[in-house]
Amino acid sequence: MKLRITHTLALAAIVATATFQLAAAEDIIIADFEGPDYGSWKASGDAFGSKPARGTLPGQMTVSGYEGKGLANSFNQGDDSTGTLISPEFRIQRPFIHFLIGGGKNPTKLSLSLVVDGKSVRTSTGPNDQAGGSEALALESWDVREFMGKDAAIQIIDDAKGGWGHINVDHIVQTERRAPQIQSNVQREFKITKQYLHLPIQNGAPKRLVTALVDGHVQVRNDVELANGKPDWWAPMDVSEWKGRSLTLQVDRLRDDSSALSSIHESDSIAGSESLYQEPLRGQFHFSPRRGWNNDPNGMVFFKGEYHLFFQHNPYGWGWGNMHWGHAVSKDLVHWTELGDKLAPDAYGPMFSGSAVVDWKNTSGLGKDGQAPLVLIYTAAGDPTVQCIASSLDGRHFQKFEGNPVIPQITGGNRDPKVMWHEPTQRWVMVLYVGFPGDKHTVYFFTSPNLRDWKHASTTEGMAKSGYLFECPDFFELAVDGNPANRKWVLAGANTEYGIGTFDGTRFTPEYSRLPGQRGRGFYAPQTFSDIPSSDGRRIQIGWFQTETKGMTFNQSMTIPLELNLISTSDGPRLTYTPVKELSALRSKSHRMSQRKLSAGGENPAQAVQAELMEIRAELEPGDAKEIALTVRGSAIVYDVSKQELSVNGHRVPAPLRGGKQRLTVFCDRTGLEVFASDGLTYVPMPFQPHPNDRNVWLGASGGTATASSFEIHELRSAWKSR
Ligand code: FRU
């Protein structure tokens, strides 16, 4: 009996040992950079700072792909700083070392190395050696079986300056797991039968170069944050022009366990189209792209009864990149239909911002059979960066001009051509942003008889980087107070600061310069429509509205269309912004309150109204009140009577009374507010996401009694549903 027990115990012990030997040994963390400092690692120089970075450092593109909260990031004090980070000695006890690595590519100056016996025996560097690129860290590994049992150290070196002069490292572990291997130029062939191929996107994943080839010829290349597994969203790639043919997709670097290529599938509709435009953070009357990212509006023109809105579009990412010209049309400036991308990156580079005109006299020769062509003028931002044109007869199909580029590179920073027909001199005028090294910013004026041959006519000197001549210039003439005999030219930059002056067909002479434009936040790079019929005569602007929509399959949007006018003030003529009248088509139910007094304890005239999308108009006489407050779905719009300042969500701006009154107009959507005050002299766009359940409006006054001589709330319907 005794023997038998012993025997059983011995057996159990043997089984236990065997099990122990079969189970994978646990990973040993060499560093996860989660602590408050580098612990026993030694940092020298400035590049790594005195402690691990908590993600992105000031001035750096968004860093992604690290684990936890911290990482070693040598962007401390920018790209020019240098330094090293060295681990304490450790024993190599597992066959593989895995780590996450990102940043600049430079095997000698930016490296992560394993040092054994004083020699570097394994080394890796980051993936980026060109402008643009990605700050995503990716998993890599070393096979260190031959060094098992030896003592070693890890050394991270940043000896590089200038662009991509930094390295990011995180989560270094010893492990028994073999890491997935990276394969180069992996291909899959598709026989195209439908409109779209759906690419799996994981926001923040390392960017992979995806090339589409037909008959061995490169059609388009994009940097895509490909998902190796389950995607955050599917990006539709329009392949309809290759229907019936075979198309090869090639990915430059792909993990061998990735399902990215195998998961790509065909379809005639975009994924998730059932809920398109109903997404929780979809602006309901602000244009946004169906999928992907937008920034600047481009090529705004009225042609054949339609307003055309092109836009800087990344069809394959939630963030900026792969600049295409997206395209949407509207008959009324309110209801937009997105038509798909019209200009895709080519050998000249990505398609940066620009404008459009109708060439009524066919000066370009790009028209046909008496039809005037629509001509797009854009920047191809490769190396060199050049100006190009493309044309269309129907507003749907566009052809790039064979004689491109039409303006060679001046400096690498020349971009965003805005073109207009100048009637008095019977020729085309282009304003082009031209930046010089040393923060010098100018606008070049060019003239052309035919949109193809351009002559430099004059230069307007820029100011500081934040000055009115930085990027995306717009240039147009307006009648002061609607008086056609008193017309002035307005030259504006991307941040909306502007100058007012005269133009002789060659040179702009400012009479007032650096006037502030809009006063809000998240408004940039607006443009105005070309070719609005003279019977209408309005100058209508749309800006990029920087409404970030985390968790959505799209990001950013456009403002509502704004009518621009010049009115006289005691300081001289000034721009005003007014929502276009067409927006009233969205009103579904209107509440008009009679004249009433507003005071601290008074009742809220808007008590009965609950709405999600709203246009509010109030005419206010301050009386002896100190403040008049309008709260719209949790957003506080407060007028400080004595200072004549308006505060929108805490952002204070000047808003003078006009004839003793303050007239406020507020548009409220799911992603932002646009507030107009002082008869349009004060326009405050404000990205803001109201709580979905807060649908209240409140109007009141404090410190005295004010009067609301009129107060209207218009509930709005979605512009998408009624298209
Ligand atoms: C402004 C801008 C333009 C450029 C475009 C690129 O937002 O930087 O100058 O053409 O965006 O997307």
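Here the structure is a predicted model, which is why all the values come from computation and not from measurement. Residue numbers run from 1 in the order of the sequence given. Note that ligands are numbered from 1 as they come in the structure, with each ligand's atoms numbered from 1 the same way.
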> Does a side-chain N-to-carboxylate-O contact under 4.0 Å join D346 and K400?
yes

> Treating D252 as the side-chain partner and L209 as the backbone partner, does any N or O pair qualify as donor plus acceptor under 3.5 Å?
yes

> Please check if the side chain of R415 supplies one atom and the backbone of V434 the other of a donor-acceptor pair under 3.5 Å.
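Looks like no, no N/O pair under 3.5 Å.
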
> Testing the 3.5 Å rule here: is there a donor-acceptor pair between the side chains of T211 and Q250?
no

> Which atoms of ligand 1 have any heavy atom of Y524 under 4.0 Å away?
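Those atoms are 1 (C), 7 (O).
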
> With respect to atom 3 (C) of ligand 1, which of N294, D296, T385 exhibits the smallest heavy-atom separation?
D296

> Please state which part of A381 comes within less than 4.0 Å of ligand 1, counting heavy atoms only: side chain, backbone, both or neither.
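Neither; nothing of A381 gets under 4.0 Å from ligand 1.
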
> Which bit of Y433 is near ligand 1, meaning a heavy atom under 4.0 Å away: side chain, backbone, both or neither?
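The answer is neither.
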
> When you check the gap from the basic side-chain N to the acidic O, do K418 and D474 get nearer than 4.0 Å?
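Judged by the 4.0 Å cut-off on N to carboxylate O distance, K418 and D474 do form a salt bridge.
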
> Is the closest basic N to carboxylate O distance between R521 and E548 below 4.0 Å?
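Salt bridge flag = no for E548 with R521.
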
> Below 3.5 Å, N or O to N or O, backbone or side chain included: is there any such pair between D416 and ligand 1?
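Yes, at least one N or O pair falls under 3.5 Å.
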
> Measure centre to centre between the rings of F545 and F523, then say whether the value is under 6.0 Å.
no

> Find out whether the Lys NZ or Arg CZ of R282 is both under 6.0 angstrom from the six-membered ring centre of F554 and within 45° of the ring's axis.
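So R282 does make the cation-pi contact.
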
> Using a strict cut-off of 4.0 Å, indicate which atoms of ligand 1 neighbour a heavy atom of S353.
5 (C), 10 (O)

> Out of all atoms in ligand 1, which are within 4.0 Å of some heavy atom of M323? Include the element for each.
12 (O)

> Show the atoms of ligand 1 that are less than 4.0 angstrom away from any heavy atom in W544.
7 (O)

> Any idea which atoms of ligand 1 are less than 4.0 Å away from a heavy-atom of C472?
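Numbered from 1, ligand 1 contributes 1 (C), 3 (C), 9 (O).
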
> Of the protein's non-hydrogen atoms, which lies at the shortest distance from atom 12 (O) of ligand 1, and what is that distance?
Q312 OE1, 2.6 Å

> With only distance considered, is E471 within less than 3.5 Å of ligand 1 through an N or O on each side?
yes

